[in-house]
Amino acid sequence: MTFEPLHLSRGGTSVVLEPHPHGLPALTYWGPDLGDAGDLATLAAAQQPQRVSGGIDVPARLTLVPLESAGWQGTPGLTGDRSGSHLHPRFTVVSVDCPPGAATAVIEARDDDAGLALTAHVGLSASGLLTQRLVLTNTGDDDYEVRSLHLFFPLHHTAAEVLDTTGRHLRERSPQRHALTAGTYARTSRRGRPGADATVLLAAGAAGFGFEHGRVQGVHLAWSGNQQVLVEKTPAGAAFLAAGEVLSPREVVLAPGESYATPEAVGSWGEGLNELSGRFHRDLRARTSHPQRPRPVTLNTWEAVYFDLDLPRLLALADRAASLGVERFVLDDGWFRGRRDDTSSLGDWYVDETVWPDGLAPIIDHVRGLGMEFGLWFEPEMVNPDSDLARAHPEWILQPEGRLPLPGRQQQVLNLGNPDAYAYILERLDDILTANDIAYVKWDHNRDLLEAADARTGQAAVHRHVLALYRLLDELRQRHPGLEIESCASGGARVDLGILARTDRIWTSDCIDPIERLVNQKYTGLVVPPELMGMHVGGPVSHSTGRAHTLPFRAGTAVFGHYGIEWDISDLTDEEYAVLGRYVELHRSWRRDLHRGTVLHADLTDPAMDLRGVVSEDRRRALFGYSLTASSASYPPGPLTFPGLEPDTLYTVRPAVPEEGHPGNGQSPLAWLQAALDGAPLRLPGRVLAQAGLQAPVLLPEQTLLIEFHAAG
């Protein structure tokens, strides 16, 4: 079939797809909107490479599914076989569905000799995200094993530097950068979930790109299991990003007529990371499933009481929380049958009669009577070997033939791909949610998967387990409309758009030390908007780092996200109570703008200085936080400039929590800050604030100043 080049345009983004004589269309262009691109055939001709010495006679192009049969010798788009044969399919396009002016295209291709059909879905969202998904169907007479099927995104020729994130438990999403050189740089997860070390985004851009400047493109895979994202530069000069599921041997074997659908890969670009991330945020907020009501201020009991679930203590904690303006009270681990520590009872999802002789009603009724919602912790995919469930059904545990994998946190993983295990978990959660007034589930997942095989067959099980998890979440939400679910996985080890399509927030990290959270929240926010990130105020000494921080620093670092408290507040001093109450009220007064506005990070030369904020949708209000994480190289530190404000709007500038006073102890007054404290705040146009800025206050290390901007008049 012959067809004209395709130009998809939406949300400030253009994609050009060019017919290829030996396969699916070539990805000629992805980036800023080209407007009226003129004659697309001419544009395609302008991108054609020359044949060079030592190369094949038909220069290879990056297509939607690049294959060796079209001369491609980089990372292949598809690998698979029929018991060792049909290794090199060559697809021919048979139909293209792309109405004039449309921003989506569905391209059908076949290789009848290989017995394969391929459907490519390519589209642009309203925010300008490029989404791709492939469906491969076995049209042959015998089985076809899919080994890999990746999705590809071309990079702009200026791409010279790569950004991704790594980490571990309690330190997820730490950034790392390196030069884009010839060859392949791949980030692969085989943990059965993305993992604490996974990158939420793989990005490449112009040398030195930042949040405010430099062309940058990035890709995310919306999948909660094994996965790979990679960036590659070929000797021929082609550079691209790619993403796909990582499959174990024989994990996806298609019988005749069966199909395999890839997870969706999502690409964004921007002149700086602020614009790139803004596309993700706007797209998520446009979903019909996106939380629409204000995100309730939450108290979670874990770091407050751990396993000490004494009812009078919990009632007093709930009273204190409600008096501070908390709107949701979440009972964490330890409420179910036999659970006294983390060594036993996972899987036995019955209310413990010895701890709760009257069921959960006493605590739920008390919480609801205080005007708060009630939430409950579960870890449905896990099982302790020391549990009634494991003793009754060892065959429900993911394991290779005849033995359990090495334990993690004294627990193993249930095989949700086993229909009986799936039915049991659905029945237990549904029963508890039906019998109790529960508005919120904290869904935990506290270990990586090892040797994740189906005990019945010995076959790899991660792919089916993840699909079953998605079905389970969908079914629970259908049975319990209005139920909200948090995805927690040892903190932030399962942060992806696949899980966020079925949940209402992620627990960003088990570490709520504000120093660590400044980095974690910044880079999680490359994809996830703040209203979907749990950000809590911890106790005076961090349970995970041992560092001590002031309450204003802890509370100010968390204020931009889905706000909460992870702290035993039952014995606060009067001063602590007053300060925490002010920050809860500040968050509640700002959360509509914080959770709908544009998130911005400033590029500062001093790594000890951090400036981030949110500008409201109408750009008439903004809240910025300036933090110092160590001693500043400059003293005083120089000016701060504030991106994203309306240039011609006159803004009144003042501290958001004036009761905290001037945070730089022992210094002379800072003119603009003192003027605000004296009731005569400065008024400056947004253009001046963005270009000239304000003198930064002298802070002590590990302090934050929150600054408000309000349109004057």
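Note: hydrogens, waters and symmetry copies are ignored here, and every other heavy atom, side chains too, is used. The first residue of the sequence shown is numbered 1, and numbering continues consecutively from there. These figures come from a predicted structure and were not determined experimentally.
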Verdict with reasoning, Arg368 to Asp437, per salt bridge (Lys or Arg N to Asp or Glu O under 4.0 Å): CA-CA 9 Å; Arg368 298 292 292 124; Asp437 187 0; 2.9 Å; yes

Arg588 vs Glu327, salt bridge (Lys or Arg N to Asp or Glu O under 4.0 Å): CA-CA, chis, key distance, verdict: CA-CA 10 Å; Arg588 289 174 54 165; Glu327 299 156 312; 3.8 Å; yes

Intermediate values then yes/no, side chain to side chain contact (heavy atoms under 4.5 Å, CB included), Thr508 and Arg173: CA-CA 10 Å; Thr508 324; Arg173 284 172 293 288; 4.2 Å; yes

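Separation of atoms OG (Ser345) and CD (Gln411) is listed at 12.0 Å; rounding is to 0.5 Å. Atoms OG1 and CD, from Thr288 and Gln292 in turn, are 9.0 Å apart once rounded to the nearest 0.5 Å. Atom-to-atom distance recorded for Arg494:CZ and Cys488:SG is 9.5 Å, nearest 0.5 angstrom. Atom OG of Ser627 and atom CZ of Phe553 lie 5.5 Å apart (nearest 0.5 Å). Summarising the geometry, atom CG belonging to Leu497 is positioned 8.5 Å from atom CG belonging to Asp283; distances are rounded to the nearest 0.5 Å. Lys442 contributes atom NZ, which lies 14.0 Å from atom OG1 of Thr503 (distance to the nearest 0.5 angstrom).
Judged purely by distance below 3.5 Å, without hydrogens or angles, the side chains of Asp510 and His169 pair a donor atom with an acceptor atom. For the residue pair Thr301 / Tyr306, no side-chain donor-acceptor distance below 3.5 Å is found, with atom types taken as modelled. For the residue pair Ser490/Arg193, the side-chain donor-acceptor check at 3.5 Å is satisfied. One side chain, Ser509 or Glu172, offers a donor N or O that lies under 3.5 Å from an acceptor on the other. For His465 and Glu381, the side-chain atoms include at least one donor-acceptor pair closer than 3.5 Å. Using modelled atom types and a 3.5 Å distance limit, the side chains of Thr354 and Arg340 yield a donor-acceptor pair. A side-chain donor-acceptor contact under 3.5 Å links Glu531 and His290. If you check the side chains of Asp164 and Gln176, you find a donor sitting under 3.5 Å from an acceptor. Side chains of Asp197 and Thr166: no donor on one and acceptor on the other come within 3.5 Å. Side-chain contact, Asn384 with Asp386: no donor N or O sits under 3.5 Å from an acceptor N or O.
Between Glu516 and Arg171 there is a salt bridge, with a side-chain nitrogen of the basic residue lying less than 4.0 Å from a carboxylate oxygen of the acidic one. Salt bridge absent: Arg464 and Glu251 never bring a charged side-chain N and a carboxylate O closer than 4.0 Å. The residues Arg428 and Asp431 are annotated as salt-bridged, a charged nitrogen and a carboxylate oxygen being separated by less than 4.0 angstrom. For Asp388 and Arg391, the salt-bridge test passes: some basic side-chain N is under 4.0 Å from an acidic carboxylate O. Remark: Glu379 does not engage Arg447 in a salt bridge, criterion side-chain N to carboxylate O under 4.0 Å. In this structure, Arg456 does not pair ionically with Glu401, as no charged nitrogen and carboxylate oxygen lie closer than 4.0 Å. For the pair Arg295 and Asp504, the salt-bridge criterion is not met [side-chain N within less than 4.0 Å of a carboxylate O]. Salt-bridge check for Arg409 with Asp448: failed, with every basic side-chain N at 4.0 Å or more from each acidic carboxylate O. A salt bridge is absent between Asp352 and Arg339: the closest approach of a Lys/Arg side-chain nitrogen to an acidic carboxylate oxygen does not fall below 4.0 angstrom. At a threshold of 4.0 Å, the pair Glu373-Arg293 counts as salt-bridged, since one of the basic side-chain nitrogens sits closer than that to a carboxylate oxygen.
Enclosure of atom CZ in Arg592 is not indicated, since only 12 or fewer non-hydrogen atoms of other residues, nucleotides or ligands lie within 6.0 angstrom. Shown here is Glu353, whose CD atom has more than 12 heavy atoms of other residues, nucleotides or ligands within 6.0 Å. Within 6.0 Å of the CG atom in Asp574, the count of heavy atoms belonging to other residues, nucleotides or ligands does not exceed 12.
For residues 424-451, the set of pairs meeting the ring-ring contact (aromatic ring centres under 6.0 Å, His included) definition, not counting sequence neighbours, comprises Trp396-Tyr424. The side chain to side chain donor-acceptor pair (under 3.5 Å) pairs that include a residue from residues 311-320 are Asp308-Arg313, Arg313-Asp568, Asp319-His366, where partners are two or more places apart or lie in different chains. Within the structure, ring-ring contact (aromatic ring centres under 6.0 Å, His included) contacts touching residues 470-493 (residues at least two apart or in different chains) are Trp223-Tyr470.
A perpendicular orientation is assigned to the rings of Phe280 and His220, their planes being inclined by more than 60° (bins at 30° and 60°). Ring-plane geometry between Trp507 and His536 is classed as tilted, the angle between the planes lying from 30 to 60 degrees on a 0 to 90 degree scale.
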